[in-house]
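Inspection log for the structure reproduced underneath, given as C-alpha cells.
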Number of protein chains: 2
Amino acid sequence: MKLDPQEIEARFRRHAVRVTRQRAAIYAALAETTSHPTAEDLYRTVKRQHPMMSRNTVYYTLGVLRQAGLAQEVNVGHEVARFDGNVAVHHHLVCLGCGQIVDVMDDGLNQLAISSRQARGFHVLGHRVEFHGYCADCQPAGLSAMDRRG
Amino acid sequence: MKLDPQEIEARFRRHAVRVTRQRAAIYAALAETTSHPTAEDLYRTVKRQHPMMSRNTVYYTLGVLRQAGLAQEVNVGHEVARFDGNVAVHHHLVCLGCGQIVDVMDDGLNQLAISSRQARGFHVLGHRVEFHGYCADCQPAGLSAMDRRG
DNA sequence: TGCTATGTAGGAATCATTCCTGTCTAGTGG
DNA sequence: CCACTAGACAGGAATGATTCCTACATAGCA
C-alpha cells in the first residue's frame, strides 16, 4: 500500500523524528511492504531514487526509526537482521525453505502468559511467537528434506 | 550437573557422532550448564583442559552436534549465537538487562496452534515462544529505563 | 536568514563466523 | 594387532553484516 508523503511526515513529527528525504524514502520502502526486508534490501530499493544514499544512512535511520517506535527489528535464526514497519503487537510465520516471513495477527497469541513459578522472579514485559514450517511453494521440497534450521 | 564420560560416549554413538576428546569436552561444557553459552564461552571453557583446542573446532563441533540433534542454537535478537544442550521442546525467558536466558518448560506453550486461515497454506512444523522482561537482579534498573530491545 | 544540532556519505574498522589447507586420528577390516 | 581412509583438528586467511569515524550538508528554530 502506497503511503502518502504527508502521512509519513505526520508520523515522523508525532514521534519527534526529524524529517529528511532519505528518512522518508527509507521509511516508505519499509512501511509499504510486508516482506520484512533486510537493511541491504532497503538500501537497494531507496538507492534507485536516491543514488547518493549510503548504506550507513540506512542503518542509522533504521536505528532512529526503531527507537522512535516506527519500526521493529525481526530476527529469525541467526540470519541477517530484517525489519518490519508493522509496529503493532504481532507474531511471525517463517518458511524454512525460502526464508519468507509472514505476519500473524492473533489476539490469542498476544495474551499468552507464563506461570509465576516459571517466571522465576522475572518481570515479564512481552513475548514473541515464531512458527516455522514450509510455505505452499516450498512444501514438496520441505516434506522430503529433513532439513531443520536453528 | 556433572555428566559421566560414559554417558557422553553413549549419546554420541546413539546419534552416530564420532567420539573424540575435543567433542566430548565441548559437549560436556554445553550439556552441564543451563546458561546458553556462546561459541566463544565454550571455547574458553574447554581451552582450559585442551590448550590446543581451536575456535574452529568449537564451531565445527557445534554444527555436528546440532545436525545430530544433540544441541540447539538459540538466537535472541540480533546478538551472538548461543547454544543449548537441552534438546527437548521448550521455550525461553530473556532478560533485557543482563541478557541471561532461562529455559521454560510448559506443556501449554508446546501445544500452541495457529488457525488455518492465519497459516496461509504453510505446513507448520513447530514454534518457539520467547518471553522478555527483566530478571530479579535487573528489575530496579529495568523498570526505570524505557530501554527496549529488538 | 543565519546558527547549531543533527543527519549524511563514504571509507575504514570490527568481529563473529566460515573457508582453506595440511596434519592427525577414530573406527574398521584384514 | 596393524594399516587404511574418511572424517576431524589446528591455525590462519577470508567474508560480510554492522559499526565507527570524519568532514560536509541541512532541518528546524530564533
Side-chain angles (χ1 to χ4, degrees), chain A residues 5 8-27 29 36-44 46-68 70-71 73-83 99 149-150, chain B residues 5 8-27 29 36-44 46-68 70-71 73-83 99 149-150:
Chain A
I8 293 175
E9 183 169 341
R11 289 190 196 173
F12 280 15
R13 297 209 188 277
R14 215 178 301 139
H15 293 258
V17 170
R18 231 156 136 167
V19 182
T20 70
R21 290 147 184 270
Q22 291 93 332
R23 265 173 202 191
I26 293 165
Y27 179 69
H36 306 83
T38 65
E40 185 66 24
D41 291 338
L42 292 168
Y43 172 64
R44 282 201 299 268
V46 297
K47 185 124 184 159
R48 288 203 290 269
Q49 281 147 43
H50 297 260
M52 297 298 285
M53 175 78 61
S54 86
R55 239 177 222 93
N56 191 21
T57 299
V58 176
Y59 279 103
Y60 180 77
T61 299
L62 286 169
V64 169
L65 294 176
R66 206 143 69 81
Q67 280 201 292
L70 285 167
E73 193 175 333
V74 179
N75 292 103
V76 172
H78 192 227
E79 280 155 35
V80 183
R82 297 175 66 162
F83 296 87
R149 292 207 192 168
Chain B
I8 292 174
E9 184 170 342
R11 289 190 196 174
F12 279 16
R13 299 209 187 278
R14 218 178 298 138
H15 289 81
V17 170
R18 232 157 136 170
V19 182
T20 70
R21 292 147 183 271
Q22 290 93 333
R23 263 172 204 191
I26 293 165
Y27 180 70
H36 307 82
T38 65
E40 186 67 23
D41 292 338
L42 291 168
Y43 173 64
R44 282 201 298 267
V46 297
K47 185 124 183 158
R48 288 202 289 269
Q49 281 147 41
H50 297 260
M52 298 297 284
M53 176 78 62
S54 86
R55 235 176 226 93
N56 192 19
T57 299
V58 175
Y59 280 103
Y60 180 75
T61 298
L62 286 169
V64 169
L65 294 176
R66 206 143 70 85
Q67 280 200 293
L70 285 167
E73 194 174 332
V74 180
N75 292 104
V76 171
H78 192 230
E79 280 156 34
V80 182
R82 298 176 65 163
F83 296 86
R149 291 205 191 170

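In what follows, chains carry the letters A, B, and so on, assigned in the order in which the sequence lines appear, proteins first and then strands, with residues in each chain numbered from 1. The analysis underlying the following values was restricted to heavy atoms, covering all of them including side chains, and did not include hydrogens, waters or symmetry mates.
The number of heavy-atom neighbours closer than 6.0 Å to CD of A/Glu40, taken from other residues, nucleotides and ligands shown, is above 12. Within a 6.0 Å sphere centred on CZ of A/Arg14, other residues, nucleotides and ligands contribute more than 12 heavy atoms.
Nearest heavy atoms, B/Leu62 versus B/Ala39: CD1-CB, 4.0 Å. A pairwise comparison of heavy atoms in A/Ile26 and A/Val58 identifies CD1-CA, 3.8 Å as the closest pair.
The side chain of B/Arg23 contributes an N or O atom lying less than 4.0 Å from OP1 or OP2 of D/dC9.
If you take NZ of B/Lys47 and C1' of D/dA10, they are 9 Å apart, rounded to a whole angstrom. In this structure, B/His50 atom NE2 and D/dG11 atom P are separated by 14 Å, rounded to whole Å. Separating the CD atom of B/Glu79 from the P atom of C/dC15 is a distance of 15 Å, rounded to the nearest angstrom. Here C/dC15 presents its C1' atom at 12 Å from NE2 of B/His78, a figure rounded to the nearest Å. What separates CD of B/Glu40 from P of C/dA16 is a distance of 7 Å, to the nearest Å. Protein atom CD of B/Gln22 is 11 Å distant from nucleotide atom P of D/dG11, rounded to whole Å. Atom-to-atom, CZ of B/Arg66 to C1' of C/dT17 comes out at 12 Å; the value is rounded to the nearest Å. Put simply, OH on B/Tyr60 is 12 Å from P on D/dA10, counting in whole angstrom units.
Using a 4.5 Å heavy-atom cutoff, the side chains of A/Phe12 and A/Leu65 are in contact. Proximity of A/Gln22 to A/Val46: side-chain heavy atoms (C-beta onward) are nowhere separated by under 4.5 Å. In this structure the side chain of A/Asn75 never reaches within 4.5 angstrom of the side chain of B/Asn75, judged on heavy atoms.
Closest to the side chain of A/Thr57, out of C/dA9, D/dA10, C/dT17, is C/dA9. The listed nucleotides are C/dG10, C/dC20, C/dG7; the one nearest the side chain of A/Asn56 is C/dG10. Listed candidates were D/dT18, D/dA10, C/dT17. Nearest to the side chain of B/Tyr59 is C/dT17. For A/Arg55, the listed nucleotide lying nearest its side chain is D/dT18; candidates were C/dT8, D/dT18, C/dT17.
Mapping A/Val64 and A/Met52 onto DNA chain C by nearest heavy atom places A/Val64 closer to the 5' end of the strand.
Using a 4.0 Å heavy-atom distance criterion, A/Thr61 is classed as a sugar-phosphate-only contact.
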Dump the pairs, protein N or O against N or O of nucleotides 28-30 of chain D, anything under 3.5 Å, distances to one decimal.
from: D/dG28; atom 1: OP1; to: A/Arg13; atom 2: NH1; distance (Å): 3.2
from: D/dG28; atom 1: OP1; to: A/Val19; atom 2: N; distance (Å): 3.0

